[in-house]
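Please read these numbers as outputs of a predicted model, since none were measured by experiment. We name chains A, B, ... by the order of the sequence lines, and we start the count at 1 in each one.
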Amino acid sequence: MAQVEKRGGLLRKSSASKKPLKEKVVLMYDEIFMTEDPSKCSPRFWEELFLMKVNLEYLEGKLESLDGEELMKIKDNINCLFQHCIQALGEEHPIRVVNALQTLCALIRGVHQKNKSTSGFDIINMLMGFDKAELCMKNLMESLDSLLCAEGSESLKSLCLKLLLCLVTVTDNISQNTILEYVMINSIFEAILQILSHPPSRREHGYDAVVLLALLVNYRKYESVNPYIVKLSIVDDEATLNGMGLVIAQALSEYNRQYKDKEEEHQSGFFSALTNMVGSMFIADAHEKISVQTNEAILLALYEAVHLNRNFITVLAQSHPEMGLVTTPVSPAPTTPATPLGTTPPSSDVISSVELPLDADVQTSNLLITFLKYSSIVMQDTKDEHRLHSGKLCLIILTCIAEDQYANAFLHDDNMNFRVNLHRMPMRHRKKAADKNLPCRPLVCAVLDLMVEFIVTHMMKEFPMDLYVRCIQVVHKLLCYQKKCRVRLHYTWRELWSEKSELLHPAAIFDAQDSPRKETWRTLINLLKFLMSNETVLLAKHNIFTLALMIVNLFNMFITYGDTFLPTPSSYDELYYEIIRMHQSFDNLYSMVLRLSTNAGQWKEAASKVTHALVNIRAIINHFNPKIESYAAVNHISQLSEEQVLEVVRANYDTLTLKLQDGLDQYERYSEQHKEAAFFKELVRSISTNVRRNLAFHTLSQEVLLKEFSTIS
Amino acid sequence: MGDTVVEPAPLKPPSEPAPGPPGNNGGSLLSVITEGVGELSVIDPEVAQKACQEVLEKVKLLHGGVAISSRGTALELVNGDGVDSEIRCLDDPPAQIREEEDEMGATVASGTAKGARRRRQNNSAKQSWLLRLFESKLFDISMAISYLYNSKEPGVQAYIGNRLFCFRNEDVDFYLPQLLNMYIHMDEDVGDAIKPYIVHRCRQSINFSLQCALLLGAYSSDMHISTQRHSRGTKLRKLILSDELKPAHRKRELPSLSPAPDTGLSPSKRTHQRSKSDATASISLSSNLKRTASNPKVENEDEVKFPGPLFSMVSSPSFTSPHPLLAPEREFIKSLMAIGKRLATLPTKEQKTQRLISELSLLNHKLPARVWLPTAGFDHHVVRVPHTQAVVLNSKDKAPYLIYVEALECENFDTTSVPARIPENRIRSTRSVENLPECGITHEQRAGSFSTVPNYDNDDEAWSVDDIGELQVELPEVHTNSCDNISQFSVDSITSQESKEPVFIAAGDIRRRLSEQLAHTPTAFKRDPEDPSAVALKEPWQEKVRRIREGSPYGHLPNWRLLSVIVKCGDDLRQELLAFQVLKQLQSIWEQERVPLWIKPYKILVISADSGMIEPVVNAVSIHQVKKQSQLSLLDYFLQEHGSYTTEAFLSAQRNFVQSCAGYCLVCYLLQVKDRHNGNILLDAEGHIIHIDFGFILSSSPRNLGFETSAFKLTTEFVDVMGGLDGDMFNYYKMLMLQGLIAARKHMDKVVQIVEIMQQGSQLPCFHGSSTIRNLKERFHMSMTEEQLQLLVEQMVDGSMRSITTKLYDGFQYLTNGIM
């Protein structure tokens, strides 16, 4: 790559001679790598150096080739170079600034690569010298800050961000990157915010800025006070938050789009000739091949924003009418002066063409919808580690959302109806839901759908217990809100669910009242069944009782508090019907937990909790089953219809007494520090590596830059 | 039931109905006046008398120039009593009126004066009679308008022009469309008489300016384009929009001054009012000067105040903009209209709704601003549009939509500064108020919740960015939110469960509570993507207000109000406005005559000849929606909503139904309202019916298919709700109709006048043909006896009941538009 640069660079003429003749800049580097002060013989050495086009490869390679001791010998010169770089950042001429920035990148990276092998090497001392480090870094950060905030060249800003990203990701473990201590003291938070709040700069650098912020927030998150965390948590400027939301939404929807494209490619490629029936047998396998690199960095940014900043929640629901179509930046359509609407909000950029795009097919979307779609794709396959991480992070974000008052308010807002095309894993026994028939519903339905979808599709040997627990928690938290605020969700969307009911219970063809809530119950019962049938395998790895307890308690929520959030009295009857119908599963569960809680084994306590939780369900079964049998006997019917069972249920409520259980509607708040610290450390590590790799590959070639500035000069 | 004397005379009413000053007409003017004035609290009798005399004398004396300038003196005198706020504002306008008059008036006056003089001299005797009438307490705004319209005497017109100043603003406002239509389409004398009043009021109120400008535009639009450009209406409109009539030049300065001088300024103004000419002139001059001098600064401040320069003209920087006062409002209206236009291009209701919501959310970014809803009855600033609440209404090809608007009421729009913006997410702080108390949570749990975000989170400083002072107290509580909520909740749901003893509940109780709670909530409609408005309209208004208030960052403010408005784009609302006026007039006639007929005129804002806004009727859904959603007959729906036949709720709903039905039957008959399908008839929560959509009235009917030949719409379903043909309520219904018709007949002129004046220069379909007014008058049946009228009512009811065309029309609507 450096070769390419050379050819395109300033030194075209000299390099054209193709002799081993060294570039001037390389000669100058060599001088630096001498122990003597290079400015001794040529006093204008440093000035000249920054006029030369940087040879990154050489500089980095040279630094890398030196071992610790050798490096220590030329410490003074490196300090000097570093200092002069920082000085050059203040220069008027952009070429010098560019070169200084690039040199800094090379320096930092080169020195760190050294650092890997010889640990305990003090990088700060190496680069700046202990005595001057503080001032040096202060100057550096200030220069970067002013470059980022100035009305200057966009590519220059981009380079600044690259340098910062380079600095932040230079170690695998971000918390061990001591230089960042100075970045903490000399905050560039405001500069990042400014980039995000300005539509033009956001378009250019939004992504880098958001990733940088997400990483900075994770520096020594748990050990010290990180000013970026504090600052991020109190941002309340709508334009900035919206900007951040847009950047994240665009990155996520770009992923969704890519995935969709690939999927279509696959389908048309492999199965065009095959009949639908045969084809659908294989879809499941073929799908595993479709993978698009997930973007954990942006997901992390979303997480930090949702988790830290309570104002960001509003952004989730903020409509981005333009979002669906904006993978390619909208051409700078001149604002038609005829359009009377002066509605160009300062925050949104693409809308700046005053009129929103008038594409009838484009659905208005928002960040939450995009995120849900993204989650549905990511969560369908949790086999490789990246995806497992992503899936987990998605669920954590959903957990935070489900705990938030405001988020719940708009999730349950009956007036905010959306059609959310979740990705559904194609499975043998169900057709792919036709997208067109999706009803418009409050967003919470999409969240519930997503959870149910996950539960249905991951009952496998490699049981992702952790994700299941999180799933159930999300459902529970949503229910708690519904109970608290007496939200009665109305479902009348039989079409969507009839396929599933087929899947779950092929014999039963249920009529109009078949609601997703019921499906949720069935899904949950199925999950219980799965847990029991795989008891031995699962128990070896997991404590399945926590999950079982949570599921049983969801039922308990419905049983004891159903009056506060069920939409109709008949849905309460249906709940009983489902429990009675599936009583075998509950009986089995009960005998299992009873067995384990009486044995003095490691599961004794956990199992006995489940035993207690089952008390009401067992009461219902024991109360109604005899009644139903006698009804059947009296009326000489061998098989009761649903209607008949419901009739018996309705007639016999009054003789049934339930026990009120404590704490059904309470949950433990999500807490990162206690439970998730390890996960986030690991996640940030992998993100750092990723970002660093991407930086190394393509970002530092600055031909554009050079073109831009050579014309200026 | 008293014998109301039916006046047989179809003559001019004012000549007859002045029973006030009977007998000794030789008596001095003064006596009549004092007699009349006894109850006139608004105007000092002497002053008024003098003013009137002076005017008339001068008129008699003649020459136009004087007649005009006399207006100035008259005002001066009228003004002299210091009546109070209403007239106070006269302080400086007269001076300026005079100036403006000089420009326009001078040419105008000299031409017409001579002819007028001759006529006047002949009529001087009659005029003294007129004067007595004019000065009597019976001379109300309706008469004034009538004389203004009918009199050919410039003197009389000029006099009435002056008298307008004496009426209450609200009374004159009602006739604003008439006044402006006369101004546009009638001869110059009328125009000259009206203009000073209009100009004066425009100076007083920015809302009035806006309404005038809009109406002038709308009513000029029927003129030929070439004449329109130079018409007086267009000129006046330009004048208003040019902001030269700014009520502003002082008021606008106020916000930019510090509060202290602000309060000091207005009283000093008040003291100046007598010697208006010099003092005020200098004040206005100096303030004008100051304005120009400090312009940049003022504008800067303004820009800070209106968040973003958004509703100020985008193209031109606001301080060079010629009309910065009306501009934000006009821009706001334009944006709403533009949304309507764009919605119309989308194919499905669902897409329209989603688009509407996202468009409005963008609009929200620019609020609060110096904008208001003209349909509201009080001064306010619009601060937010709860965008998710907006719905698209049912319409085949256009896209009318209903929005809710949050406003902060203020004392005086012109002097109050725009409220500061509160970001959306601030609601969360207010929300937390609801769930503050109750800490039934264990310490570990609480500690856990605090430690989720360590170090910085417990720092009150961090959150106190929310600088809403009074909320700050709760802020530390905020992030423990859900713990608290939950604990609180478990307490309230478990109800007093202190002991460790197991608590038992009966399953039957849960089930019962569920059905009870659902029974208590009024039957909500189901969401239907094809009819998104049904649910929104069915929700009880109070409920909606509470809900939106809860979700609004401004909801905690005491002056928070919720308004709603229907934005219509592509529809001519001038007929609607006419119907509104007639309904309003009938309503007040019936009220005056104590006939318990119920009708609900809803406010109309005409924006142009093809756009406008309508104030929605709250708590009402269309009968079509009722039937479609409930799948019940109207009677069964009544029973479902209000209870069984004998309950009080049902009976009062039934009474309401009858009274409103009778009222609207009369309206439909008198105005010949057509297109009466069930989508155009609303039913409110109290059982009233409300007719909407007066697109086809008087001489026009839809597609002239000749359907709906009956006098009004009365289906058997309606009769069933009334208790059947033989029921008491049905008789009551017919009796109400008779009483209503008699009352309306008594005041026919008040009704006809409204319509007649609007016919001037109008191309509206309702005035099609030459006999509109004659037919209208005939429908009052002035010559019939009461017995005959009773028979007529019977016949009409009978006819309507039997009318096959009603059924046909409903069938037709069902087939073509799916309206049940």
Side-chain angles (χ1 to χ4, degrees), chain A residues 225 229-230 233-234 236 238 308 310-311 313-314 318-319 321 337 339-343 345-348 351 355-356 358 360 363-364 403 405-406 409 413 415-416 440 480 483-484 492 560-564 566 568-569 572 653-654 656-660 663 665-673, chain B residues 308 310-311 314-315 331 334-335 338 342 345-347 350-351 354-355 357-359 361-363 365-366 388-389 423-425 427-428 431 448-449 451-456 462-463 465 481-483 485-487 489-490 493-494 502-508 510-511 513-515 517-518 529 551:
Chain A
V225 180
I229 295 181
V230 181
S233 68
I234 59 173
D236 66 349
E238 282 175 19
L308 292 174
R310 61 194 190 116
N311 300 324
I313 291 286
T314 55
Q318 192 66 252
S319 302
T339 55
L341 186 67
T343 59
S347 54
S348 53
I351 317 157
E355 286 230 14
L356 301 171
L358 254 185
Q363 260 219 76
T364 30
E403 282 178 10
Q405 277 279 306
Y406 183 85
D413 190 334
N415 286 301
M416 281 174 74
C440 248
C480 286
K483 173 192 168 287
K484 182 169 75 77
T492 47
T560 34
Y561 298 128
D563 56 328
T564 56
L566 281 175
T568 57
Y572 193 68
Y653 274 124
D654 280 328
L656 172 65
T657 307
L658 301 170
K659 195 180 159 208
L660 193 60
D665 53 355
Q666 288 177 18
Y667 55 79
E668 203 182 331
R669 300 263 307 168
Y670 166 78
S671 151
E672 178 184 321
Q673 182 164 21
Chain B
L310 293 143
F311 285 120
V314 180
S315 51
E331 197 70 16
K334 262 191 202 163
S335 319
R342 287 197 290 270
T345 61
L346 295 172
E350 191 187 298
Q351 282 172 332
Q354 289 194 344
R355 176 57 168 262
I357 288 176
S358 62
E359 291 260 18
S361 81
L362 294 183
L363 194 69
H365 286 280
K366 278 148 273 164
T388 60
Q389 307 302 318
E424 281 290 297
N425 43 49
I427 341 157
R428 312 182 70 208
R431 278 244 171 98
S449 76
S451 57
T452 24
V453 192
N455 303 333
Y456 36 86
W463 293 130
V465 242
N481 244 354
S482 55
C483 290
N485 295 339
I486 284 151
S487 58
F489 223 74
S490 58
S493 55
I494 294 169
V503 179
F504 293 100
I505 40 173
I510 300 174
R511 175 61 161 70
R513 270 206 301 275
L514 177 58
S515 4
Q517 273 169 15
L518 287 167

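The two atoms that bring Leu658(A) and Ala507(B) nearest to each other are CD1-CB, 3.9 Å, heavy atoms only. Between Thr388(B) and Asp413(A), the closest heavy-atom pair is OG1-OD2, 3.4 Å. The nearest pair of heavy atoms linking Thr560(A) to Ile505(B) is CG2-CD1, 3.7 Å.
Here the CG-CZ distance, from Leu566(A) to Arg513(B), works out to 12.0 Å after rounding to the nearest 0.5 Å.
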